[in-house]
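Remember, predicted model here, so these are calculated numbers, not experimental data. All chains are named by letter (A, B, ...) in the order of the sequence lines, taking the proteins before the strands, and each is independently numbered beginning at 1.
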Amino acid sequence: MTEELSKVYEPKEIERFAEKIWESGNYFHTEPPAKGGRNSTAYTIVIPPPNVTGALHMGHAIDNTLQDVLIRFKRMQGFNTLWMPGTDHAGIATQSVVEKNLKAKTGKTRHDVGREKLVEMIWEWKEQYGNRILGQLKRIGASCDWQRTRFTLDQMCAKAVRHTFVNLFKKGLIYRGKRLVNWDSVLQTAVADDEVVHKTIKGNFWYIKYPLDDGSGFVTIATTRPETMLGDTAVAVNPKDKRAKSLIGKRLQLPLTGRVISIIGDDYVKLGEGTGFLKVTPAHDPNDYEIGLRHKLEMINILTPDGKINENGGKFAGMDRYAARKAIVAELESLGLIEKIEPREHEVGHSDRSGDIIEPYLSDQWFVKVGPLAKNAIEAVESGKVKFHPERYGKSYLDWLYGIRDWCISRQLWWGHRIPIWYCGNCEHINTGIDDPTECEKCKSKDLKQDPDVLDTWFSSALWPHSTLGWPEQTEELKFYYPTNTLVTARDIITLWVSRMVMMGLENMGQVPFSDVFIHPTILDGNGERMSKSKGNGIDPLDIIDTYGADAMRFSLCQMTTESQDLKLPVTKDEHGKNISEKFDIGRNFCNKVWNASRFSMMNLEGLNYDAFDAAKLHITDKWILSRLAQTVNEVTTKLDSFEVSEPLMAIYRFFWNDLCDWYVEWIKPRIKDASQKDAPQNVLAFVLDYTLRMLHPFIPFITEGIYQKLNEVAPKRGLKGITNNQGTNSNNEITKKQETNSNAEALIIAQWPKGLDKFIDAKTESEITTVQETVRAIREIRNKYTVAPSKKLAASANAPADTAKILNDNADLICDRANLEKFSASPEMAKPENAAASVIEQTQIFVEGLIDAQAELKRLGKQRDEIMAGVKGNESKLSNANFISRAKPEVVEQTKQRLAELKEQLAVIENNIAALKNSH
RNA sequence: GGGCGGUUAGCUCAGUUGGCUAGAGCGCCUGCCUUACAAGCAGGAUGUCACAGGUUCAAGUCCUGUACUGCCCACCA
């Protein structure tokens, strides 16, 4: 990078270069100011900690890119900016991956190796894969404060978890109880409601006859899970059912078990549903459980933790539940007790982690009583203390909280935060403590046994915004960086995670954990399906980075980040088997354009003289590009602040490519080569490039930093002398104090975000240049239509109203330059030369001389006439409508009138030209 | 079953409070290797804004309904 910019843009090279700059300046790291206290100069984001189970995919890429955009934007604005990184231990997910691995390699189960050994193995796994994830984040360009990297299971987080549990337990908000929970028979643990995914599967509806005890017949029940009959303790019927009166209270012989059960009446049974008779299995169905409680029925558990029939299943004991289902159906069939079998599709809960079918299972579990916590979390959003962007996602958050049920937080796993509860061997007392208790609080017995279960992963994730800052210690970090500012995530964890962070943040800190929740689109594959490992449709961001570069990937992802809820990302494989997608072309092409425009600039900034700059000598094109820059800065800043990403990025894109490259750079080429004129364009170019790099930096940090460093070498002293003030620092942050001492900073990452350019906004200049550009385009169009060689110089002229003619004449050199003309002039009296092609813009006729193909000209003009005619008709019909005149806003009516008058004039001119052409034949 | 989205050019998508002839990128067509850039330059073609009603002077935009489609939530045997 010490030589001039290489001819070809090489993303890898510049990525490595920029990384080194950032590392050597330690710019990602930040500390609270010495004087302390949370104030408006802090800006904090905590990363949604990726699970250590695997590698990152494009969903993470977009999530972290957007966080980095915000962080870099705010850092440049001078905030003391902390992006807290880390990973999540992801209890079930990680343990099951390691267990599978163990089984595949050694054939052993977790019980073979034991708790301690298994946990050790998982830690090893975590080291390996956690580091890989952090490596991926670095490649994406994430400017996290890596020195603060946390893990949900590390000492600091563990302390926070322990405190939270003990506090809630002492408040009575955590309790233990025997409840029907979602049981995963593969992982052998309870899982939360939201870890259960419902899938439609094809099953059967089995109609089974239960004989009446008195031999007077039978009732028929219908079920999708026949094996659960082993646990039936009643059959229910709606009391309003016609058959109810004679049957309630009667007794049934439960087939295969010989158990006698009663027929009971319960409103829950819906009339006309099934057979009208409902088998009641309180230990294996949530509704039946409720019925069981109401009627004080016996609850018979028929399953073992690993999903087999237990000793209560008689001769079916020991069979897998699905084998038992078959056997039971077969036996019932042979007994003639199956009335019929109907195929039926129904919703069945599956474990999100193991994929196993969830069984409702009665067991002792720990719960959080969420009512009071949810109430506060609801209030936080309803009062606007926490805002969702886009707003509509606030509704799913609130809906969920309004319907919330107690949260089962215990898991029968080994990987996770162990529940800080000790049972006394001598009395019934349940002990808890922030430190491990050594004796029972009540009877002083030393016979204590810790609860074997661990906590749901989300319990520790819920504390993430404050646990990572050191809570419960009142650290300087906690005081300064909490509450955090923005949480960036996808919509699928609004309930699982966002809501719980709000609950726990309010509970532990008394303050919301963040003020804004930025929900970005979900990335789907080309078929519109969600990416997942099992489907094999996930895309590794490193594939994309290898092919297109990190900046190109970031650009494209940002460009796609609109308010829509999904992003389709069709990919194909290249010859090396890497995923590629033309969606990233826009980013790659743009980065290439930035590279080349910068190369051009560097080549033309040699000898830049800051002190020679004279504001009085600014050319109209200089004023124009500065005005465009100022407008763009304003738009970008406003939109980024309101969580728009695509729009501000595309505003810079248009400015950079269409204004700066297509017009300004071309226009200054002659002046910049002329020693007597070069000072203004050189200084303006350096300034505009500098400020454009600043705006682009949050989106494409590597390439902009690389170029900025080069710019610092080529033009160490820059800015517009006498106009732009050297921008100082507005921060308390030690790092950002290093911000520009002159007009430039030592690194772009800490350069000041552009501001205060409103003085450059110049509507008159912009409108004049627009007139010039339209004229150039009209001439080019004619050239193209006549396939005039680009190198051939032509002569052109224009008939225009006096004011327009003046603008055109004043800028004739600009027009000649961009339309490749040898001469151009305009006046209100200008006549159309013989053999000239003509075009009409507004009140102006453009003539390009020497083009005499009458046929082609007629065709061109005919088309132009049709277009204008359509406009005339549209406006006429509006104006002939009395209601339009009377009801539309006066300025709209006035506009329409003017527009119509203009169009009519143009039409007349074109028709004259057409007539003249025809006559000349 | 409840809730939230989507349907705009061949493809992937923008379109803020209703208001000039509905836009971008890619792809396509024509002409250019013009000393920053062929990953480029100049120009061009392409739309019943899903469908049906309604409100309005005016609807891609607001309202109602329909169709298709995606996601979230949900204990129906």
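- Note: NZ (A/K270) to P (B/C76) measures 9 Å, nearest angstrom.
- Across B/A39, B/A36, B/G3, the shortest atom-to-atom separation from the side chain of A/K669 is found for B/A36.
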Can you tabulate the close N/O pairs, meaning under 3.5 Å, that link protein atoms to atoms of nucleotides 44-48 of chain B?
{"unit_1": "B/A45", "atom_1": "OP1", "unit_2": "A/K863", "atom_2": "NZ", "d": "2.8"}

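- What separates CG of A/L293 from C1' of B/C75 is a distance of 14 Å, to the nearest Å.
- Side-chain atoms of A/T220 and A/K340 form no donor-acceptor pair, as typed in the model, at a separation below 3.5 Å.
- The side chain of A/N589 lies closest to B/C26, out of B/G43, B/U30, B/C26.
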Both atom distances under 3.5 Å, Watson-Crick or G-U wobble: I'd like the secondary structure of RNA chain B as a dot-bracket string, with | for pairs made across strands.
(((((((..((((.....[...)))).(((((.......))))).....(((((..]....))))))))))))....
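- In this model, a side-chain donor or acceptor of A/R899 finds a partner on the base of B/U21 within 3.5 Å.
- The base of B/C4 does not come close enough to the side chain of A/K395 for any donor and acceptor atom to sit less than 3.5 Å apart.
- The minimum heavy-atom distance linking A/F584 with A/A552 is given by the pair CD2-O, 4.3 Å.
- In this structure the side chain of A/K859 never reaches within 4.5 angstrom of the side chain of A/K785, judged on heavy atoms.
- Annotation: proximity of residues 656-666 of chain A to RNA chain B (heavy atom, distance under 4.0 Å) is found for A/W657, A/C661, A/D662, A/V665, A/E666, numbered in ascending order.
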